[in-house]
Amino acid sequence: MMHTSIYLSHSLALLVCIVFPLYLAIRGSASLSDIALVLSSLSERAEALHFKLTPSLAASPAPISKSLPDGLAHCINSFEQYPVLAEQVLQRKHVRYSKQTPAQKAISSQLGYPAHFEKARKGIEVNARFSEKIAQIARRDYHTGPRTPEDKEVADFGVVDLAFAHLSRDWSTQGAKERQAVFPPVLSGLEQHFGGSARGNKVLVPGSGMGRLASDIADLGYEVTANELDYGSILAYHLLTNHTSSLHQHTLQPFVTKWTHQANPSSRYSALTVPDHWPNKAVKLVEGDFLEMFSRDGEFDAVVTLFFIDMSTNVIDFLSNIHRLLKPGGCGSTLGVPLKWSTNSALQLSAEEVLQLADLLGFDVDHTSRKNIDSLYAEQPETLLKFTYVTQFWSATKR
Ligand SMILES: C[S@@+](CC[C@H](N)C(=O)[O-])C[C@H]1O[C@@H](n2cnc3c(N)ncnc32)[C@H](O)[C@@H]1O
């Protein structure tokens with residue numbers, strides 16, 4: 001491993017940290033095909049609800065404003081309509097439940113199963129208070145104006161569901177174990193490369209998600225820029241950072257619509273509170289595409305990525321951009337390697353090929369820094385199904 005003093009001898013230290021896991025499918029448990037089922041055979045109760053809720057969907061708004069950033073209106077609407085969308089998930093479950101024979105229903109009742117629908121509705125109400133607050137603040141911050149009857153912007157349950165999962169991972173005590181697996185190597189990588197002197201060093205965290213890693217890096221004294229394009233994350237992050245007055249202020253039941261892989265009847269309703277730690281307000285958040293938002297070459301001393309580079313449609317674009325944004329002069333950089341590529345990815349490289357690519361693009365990879373770290377990502381703590389990612393951690397230097 002390169003010695004710290006070597007890095008110190010370079011005035012322009014560059015650090016790139018990328019830990020790479022596969023992305024989760026943290027989506028709701030019901031499939032889209034169930035919608036047909038819902039429409040054809042809602043139970044009496046679900047039908048009543050359907051009628052009650054339909055006007056709100058029908059009245060759901062036209063694009064709030066054409067001038068808003070991509071995805072913002074969609075996310076605001078999704079947070080606003082969460083109660084309706086979550087209820088639909090519940091209704092699909094209820095339709096399947098209702099199709100049982102009377103004898104099967106009687107047995108289900110002995111298990112206390114019908115009570116889950118009511119309990120889940122209470123959880124949805126808890127979550128709705130939080131998601132509606134996010135939307136309310138977003139409308140104010142981005143000057144969208146109130147929702148209008150003409151607004152036809154679609155809403156997506158997945159936006160909110162994913163945001164809840166990310167919030168839980170980044171900003172709850174329940175997420176600490178997951179963070180502990182992948183944050184320390186990144187933080188100590190930075191410390192090693194900068195010889196512990198954070199002040200004055202500019203670190204970019206593209207694909208920052210809910211922002212906890214960026215915040216933790218800023219807590220060490222680095223000048224941190226976070227970058228994210230997904231408003232599902234950005235809006236929730238705004239609420240935590242700018243509109244929260246106490247730790248653990250917001251309560252969530254993120255798993256209330258997920259009934260598969262549950263360990264016990266009550267695990268569906270586990271509640272958590274956020275934030276468990278104050279987001280560092282010194283972090284500058286740049287909203288938009290990493291490939292478009294930074295025009296100045298050599299702006300950063302380090303680029304740190306976590307669960308990010310496999311999100312690219314072409315990893316050459318992402319790594320080249322990281323290389324461009326780093327200050328010239330050799331210094332330690334750490335990179336993680338992705339193994340899960342989107343189906344849109346032009347290149348679906350193996351871990352070894354990503355390292356070769358980094359070399360071809362002008363990085364010196366420090367092979368002694370490589371680590372395989374088993375990690376989970378935004379998992380429900382009690383779930384009986386856990387995806388383990390063998391995340392790849394490595395550092396490289398811009399030549
Ligand atoms: C799997 S998440 C990881 C988030 C965060 N780094 C973490 O570890 O929790 C990947 C993030 O990258 C963001 N992202 C993907 N492509 C991006 C791009 N071109 N510019 C900025 N952010 C991007 C996604 O919106 C998503 O929040």
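No hydrogens, no waters, no symmetry mates; every other heavy atom, side chains included, goes into these values. Both counts, for ligands and for their atoms, begin at 1 and track the order of listing.
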Notebook entry, point to check: Passes side chain to side chain contact (heavy atoms under 4.5 Å, CB included), Glu287 versus Leu229? Steps please.
Noted result: CA-CA 6 Å; Glu287 299 170 15; Leu229 56 61; over 6 Å; no
Notebook entry, point to check: Rounded to the nearest 0.5 Å, how far does NE2 of His238 lie from CG of Leu285?
Noted result: 6.0 Å
Check: Looking at residues at least two apart in the chain, or sitting in another chain, which of them share a side chain to side chain contact (heavy atoms under 4.5 Å, CB included) with Ala271?
Finding: Thr251, Gln253
Checklist line | Which residues share a side-chain hydrogen bond (donor to acceptor under 3.5 Å, both in side chains) with Asp359, sequence neighbours left out | finding: Arg399
Notebook entry, point to check: Do Phe255 and Tyr269 have their ring centres less than 6.0 Å from each other?
Noted result: no
Notebook entry, point to check: Taking 4.0 angstrom as the limit, do Asp276 and Arg179 come out as a salt bridge?
Noted result: yes
Heteroatom proximity flag, [X] to ligand 1, N/O under 3.5 Å:
X: Glu228; value: yes
X: Ser233; value: no
X: Met311; value: no
X: Leu291; value: no
X: His166; value: no

Checklist line | ligand 1 contact by Met210, heavy-atom criterion under 4.0 angstrom | finding: no
Notebook entry, point to check: Would Gly232 count as a contact of ligand 1 if the rule is a heavy atom under 4.0 Å away?
Noted result: no
Next item on the list: Name the option, out of Ala226, Gly71, Gly207, that contains the heavy atom nearest to atom 5 (C) of ligand 1.
Entry: Gly207
Can you name the atoms of ligand 1, numbered from 1 with element, that are less than 4.0 Å from a heavy atom of [X]?
X: Asn227; value: 20 (N), 21 (C)
X: Phe308; value: 12 (O), 14 (N), 15 (C), 16 (N), 17 (C), 22 (N), 23 (C)
X: Phe318; value: 19 (N)
X: Gly288; value: 20 (N), 21 (C)

Margin query: Just by distance, no angles: are the side chains of Gln104 and Thr101 close enough, under 3.5 Å, to form a donor-acceptor pair?
Written below: yes
Next item on the list: Answer yes if the side chains of Gln174 and Gln380 hold a donor-acceptor pair under 3.5 Å, and no otherwise.
Entry: no
